[in-house]
K.L.:
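What follows is a structure written as structure tokens; I'll ask about it next.
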Amino acid sequence: MVTALAAALGAAIAAVVVLCSLHREALRRVLLGTVDPRPLALFRIALGSCLLGYVVEIAPLADYLFSDEGLLPRAAVPQVYGRGALSGYGDGVRHPAGFPDAWSVVQHVAHGRWSLLYFRDDPAFVQGYLVVLTGAGLGMVLGWYTRASTVIAWLLLAGLLRRGDAHWGGEQVMLGLLVPMLFARSGAAFGVDAWRRHRRLARQGRLDRIDRDGESPTSGRGAPPGPAHPHGLEALYPRVPAWPQLLLVAQLAICYCANGWTKAGSTWVSGDTLWLSMHLDRYARLDWHALTVALGPWPFRLAAWSVMWWERLFPLFVLGLWLRASATVGAPALTGRARMAARACWLVVAGAAMVWALWPSALADAPVVARPRAWAVGTGAVLLALCVALGPRRHDRWRPWVLRLLAPRWWLGFGFVFHGVSLVLFEIGTFASATISAYLVCGIGSGCIAAVQRVMQALGRLGLPVPEHLRRATPVQAEDPSLPHLHRDAAALPGWAIAGAGALVLLGGTLALVPETASIAWWHAAWLLAAAVLVGVGWRAARRAPRAPAPLPMPLAHGPAGRLAAGGLVAYHLVSLLVWQLPSGEGLPWRNRARATVDPWMELTFTRQLWSMFAPNGPRTNVTLRTIVVDEAGVAHDLRTELQHPENLRRPYLRHDRWRKVDEAVSGQRKWLTTWHARYLCRHWALEHGGTPPIEVRLARVAAPFPPLEPLDPQAWFREHAEVSPLVTVRCAEEPFGQLAPEVRTRHGMPPPTEGELRYAWPTSPPQPDPLEPLWMLLALALMGVIGRWACKPPHADR
């Protein structure tokens, strides 16, 4: 069975590679084309605002999460969060803190797991770190040094989470959206950078500005060189590359689809997840029990099923975006043999999907999850085969109906309602708002631009200083796509080169997964070899391209070298995301090895993703943490950390308290944190009591099932049905890392520890870095240097 499934999957991947080579012109025009910069700028503002909200959420926990006085002392950081990146770094106990030599520094840089908090993490430094992160988020909102602000925000946010993640809950959304923004020209509109560009060009007389009468010879879209303007006029809104926006859309689709298909447990099948979750004391803004009793289960069941299938089918919406975009850029239709080959490839994909559908256990470990997945894969295979068989005859008739069905107003409208209701019912943090913000680049840009225009008009009427082009009733259009300075060259990779590169990568991936030859080196080598071949072929194609611009309705984003680099980055990132989301099942015994091949990139970008909120089942119990500390006199102190105490359960929740997320993690969701939290309590008690530690710390799990749909007091129900289960008991004097570190004692003016007072525990086999990591990094940098050199060379200079 495994062999047949692997052959079917390999055939499907090969067919997709061939399809990409056949549709290379459509991909070139859509993926590597240009778009209006304003939707991306609005998204930048929204994402930056969410980042600022996130900093406000975590600020009260900063010392606990990220400093050496918190959950993890500095000496334990290399073994817990280093994961091989700090294998050569001294922990300050067995070896002096720091890297022993230059090679260990190179290995750390090549590993990609970077964080300033590995090297300094006292509370004052952590607070300064958050201040800089806040400044980066504010820079994104204002569009001030936008690219630098975005890079700093990504580096600092990733570094923060690499030092402490006990509060983890949705951060992967912001990181997944920040990575494409690193390459986007998101400061080209609605920001300080755009304003400074306008001022500079206006002083030079090169800005196509709108006068006070609201008139302009070219309506602010720019003008070619002429007698009146020898250097031409620059548009108010220059066109920007489309591919970062497409990466954002793809990230959103993967997020929703993966999350939807993991929701396959019994509570989702029955539809009871929503009304059950409304009893979750940790997140429910109010006590919703009376509402659930009044409405009954069926409204919530219909809502739960609708959300589940909307998430699962969200990639269909992306298909609709692709159909619209390919029509807008005038992508040529396939004809003749190319058309027949494409139909054959789609039939291969459909056949491979049907093979997988015949073995449900191959798609998931649990039968309750495997059956709906197999049904959906089989249905999709049948529909795809029917579309291939009937599509050529009814294409013109079906296309308008498909586009109406997959229109953004339906799919994104449902998403707005779903997330809006969720934000009313639950306090789940800023990640939900970050998800909604991605809608701005999903086909609703024109409506948002018109809304901004109306707001600016209203502000202008109030006498505020609003630019003239924003006072108009009709928004200014983006840069004229026919301007001569825009890229319109005819250089393109031939189909055989794209197919050959895909074959190389597929071969390298296969060799990396086969037990006899399993090594990540095959994967890296295949990508580098494929990239090197494409660089050579692309350079030759650029030399042979005609000098006259190609007849394209929309200009391209870059020259030949830039397009090759951007296309390669998009392909590598999407392949990595999809491989990481491979499901676990009997048909994929090599899943972990496959994920290991892309793990270096996922580590570097810090986009490891686990999309399983309330999945595979929703919550059924309220769980909280009970904390008992026995002081040096033998007196037991209940710290009253249980959420259900009246002083803790203060509703309505108006802000997201991340302590509730830590409580969830420590009380059993992430069991390895429990012992570290108990050790922290030992140290924290000593810090607050003049260096005297308690005798022991006891942590217990308090849990009670959700109440039934009957009129009752939910808190009384919790107290009556709560069960207490011990989690861990540590004796502080004997527990490793349970004593105050010498540097913490010195910082607070305490005497140094006595000889033999400190206890440590070290892993028997710490993770070791891959010795070839620096080699792959250097080869990749060399290849980037070659592409950069090519990009800097004037076109046709060597003819």
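Computation of the quantities below employed the complete heavy-atom set of this structure, encompassing side-chain atoms and omitting hydrogens, waters and symmetry-equivalent molecules. Numbers for residues simply follow the sequence, beginning at 1.
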K.L.:
Can you tell me how far the CG atom of L178 sits from the CG atom of L47, to the nearest 0.5 Å?
P.N.:
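So the CG of L178 and the CG of L47 are separated by 5.0 Å.
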
K.L.:
Would you call the rings of W601 and H573 parallel, tilted or perpendicular, where under 30° means parallel and over 60° means perpendicular?
P.N.:
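Rings of W601 and H573: perpendicular, as their planes differ by over 60°.
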
K.L.:
Would you call W496 and S21 a side-chain contact if the rule is heavy atoms closer than 4.5 Å?
P.N.:
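Of all side-chain heavy-atom pairs linking S21 with W496, none is under 4.5 Å.
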
K.L.:
Is the F606-W154 ring centre distance short of 6.0 angstrom?
P.N.:
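When the ring centroids of F606 and W154 are compared, they turn out to be at least 6.0 Å apart.
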
K.L.:
Apply side chain to side chain contact (heavy atoms under 4.5 Å, CB included) to residues V382 and L386 and explain how you reach the verdict.
P.N.:
CA-CA 6 Å; V382 172; L386 288 175; 4.2 Å; yes

K.L.:
Above 12 or not: heavy atoms from other molecules or residues under 6.0 Å from CH2 of W580?
P.N.:
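Yes, CH2 of W580 has more than 12 neighbouring heavy atoms, counting only those of other groups under 6.0 Å.
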
K.L.:
Are side-chain heavy atoms of H558 and L564 found at a separation under 4.5 Å?
P.N.:
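No. Closest side-chain heavy atoms not under 4.5 Å.
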
K.L.:
What's the separation between atom SG in C442 and atom CH2 in W411, rounded to the nearest 0.5 Å?
P.N.:
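Between atom SG of C442 and atom CH2 of W411 there are 12.5 Å.
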
K.L.:
Please check this pair: side chain of R185 against backbone of P37, looking for a donor-acceptor N/O pair closer than 3.5 Å.
P.N.:
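Pair absent, no side-chain N/O of R185 close to backbone of P37.
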
K.L.:
Testing the 3.5 Å rule here: is there a donor-acceptor pair between the side chains of R44 and S186?
P.N.:
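Note: R44 and S186 side chains miss the donor-acceptor criterion.
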
K.L.:
Aromatic ring centroids of W527 and W522 under 6.0 Å?
P.N.:
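No.
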
K.L.:
Would you check if R83 and R162 make a side-chain contact, meaning some heavy-atom pair closer than 4.5 Å?
P.N.:
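The answer is no, as the side chains (C-beta and beyond) never meet within the 4.5 Å cut-off.
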
K.L.:
Nearest 0.5 Å, please: how far is CZ in R38 from OG in S446?
P.N.:
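These two atoms lie 10.0 Å from each other.
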
K.L.:
Can any side-chain N or O of W356 pair as donor or acceptor with the backbone N or O of A374 at less than 3.5 Å?
P.N.:
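Judged by distance alone, no pair lies under 3.5 Å.
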
K.L.:
Is the shortest heavy-atom distance from the side chain of L156 to the side chain of L160 under 4.5 Å?
P.N.:
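No, every pair of side-chain atoms sits at 4.5 Å or beyond.
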
K.L.:
So, do C255 and F314 sit near enough that their side-chain heavy atoms are less than 4.5 Å apart?
P.N.:
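Contact flag for C255/F314 side chains = no.
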
K.L.:
Parallel under 30°, tilted from 30 to 60°, perpendicular over 60°: which one fits the rings of W261 and W309?
P.N.:
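The arrangement is perpendicular - the two ring planes meet at more than 60°.
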
K.L.:
I'd like to know if D489 and R563 make a salt bridge, using a cut-off of under 4.0 Å between side-chain N and carboxylate O.
P.N.:
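So D489 pairs with R563 through a salt bridge.
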
K.L.:
Okay, side chain of Q609, backbone of L577: is any donor-acceptor separation there less than 3.5 Å?
P.N.:
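Answer holds: no.
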
K.L.:
When you measure from the side chain of T517 to the backbone of L511, do you find a donor-acceptor pair of N or O atoms at a distance under 3.5 Å?
P.N.:
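Judged by distance alone, yes, a pair lies under 3.5 Å.
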
K.L.:
Would you give the length of the straight line joining atom CG of L574 to atom CG of L569, rounded to the nearest 0.5 angstrom?
P.N.:
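Interatomic distance, L574 CG to L569 CG, rounded to 0.5 Å: 9.0 Å.
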
K.L.:
Between R239 and T34, does a side-chain hydrogen bond (donor to acceptor under 3.5 Å, both in side chains) hold up when you go through it step by step?
P.N.:
CA-CA 6 Å; R239 306 186 72 85; T34 56; 2.9 Å; yes

K.L.:
Around atom CZ of R608, are there more than 12 heavy atoms from other residues, nucleotides or ligands closer than 6.0 Å?
P.N.:
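More than 12 heavy atoms, drawn from other residues, nucleotides or ligands, come within 6.0 Å of this atom.
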
K.L.:
Would you indicate whether the side-chain heavy atoms of F43 and Q245 approach each other to under 4.5 Å?
P.N.:
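They are not in side-chain contact.
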
K.L.:
Quick one: are I787 and W539 in side-chain contact, heavy atoms under 4.5 Å?
P.N.:
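Contact flag for I787/W539 side chains = no.
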
K.L.:
Near Y145 OH, under 6.0 Å, is it more than 12 heavy atoms from other residues, nucleotides or ligands?
P.N.:
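No, not enclosed.
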
K.L.:
Find the distance between SG (C448) and CG (L42) and round it off to the nearest 0.5 Å.
P.N.:
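These two atoms lie 6.5 Å from each other.
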
K.L.:
Evaluate W523 against L513 for side chain to side chain contact (heavy atoms under 4.5 Å, CB included), listing each step before the verdict.
P.N.:
CA-CA 9 Å; W523 178 256; L513 299 181; over 6 Å; no

K.L.:
Judged by atom type as modelled, is there a donor-acceptor pair below 3.5 Å linking the side chain of R28 to the main-chain atoms of A491?
P.N.:
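Here the side-chain-to-backbone pair exists.
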
K.L.:
Within the 4.5 Å heavy-atom criterion, are L334 and L22 side-chain neighbours or not?
P.N.:
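Heavy-atom side-chain distance check passes, below 4.5 Å.
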
K.L.:
Counting N and O atoms only, with roles assigned by atom type, does the side chain of R593 sit under 3.5 Å from a partner on the main chain of S519, one being a donor and the other an acceptor?
P.N.:
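No; zero donor-acceptor contacts below 3.5 Å.
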
K.L.:
How far apart are the C-alpha atoms of L31 and V570, what are their side-chain angles, what is the distance that settles it, and do they pass the side chain to side chain contact (heavy atoms under 4.5 Å, CB included) test?
P.N.:
CA-CA 9 Å; L31 180 66; V570 170; 4.0 Å; yes

K.L.:
Applying side chain to side chain contact (heavy atoms under 4.5 Å, CB included), run through L27 and W322 and close with a yes or a no.
P.N.:
CA-CA 10 Å; L27 286 169; W322 164 260; 3.9 Å; yes

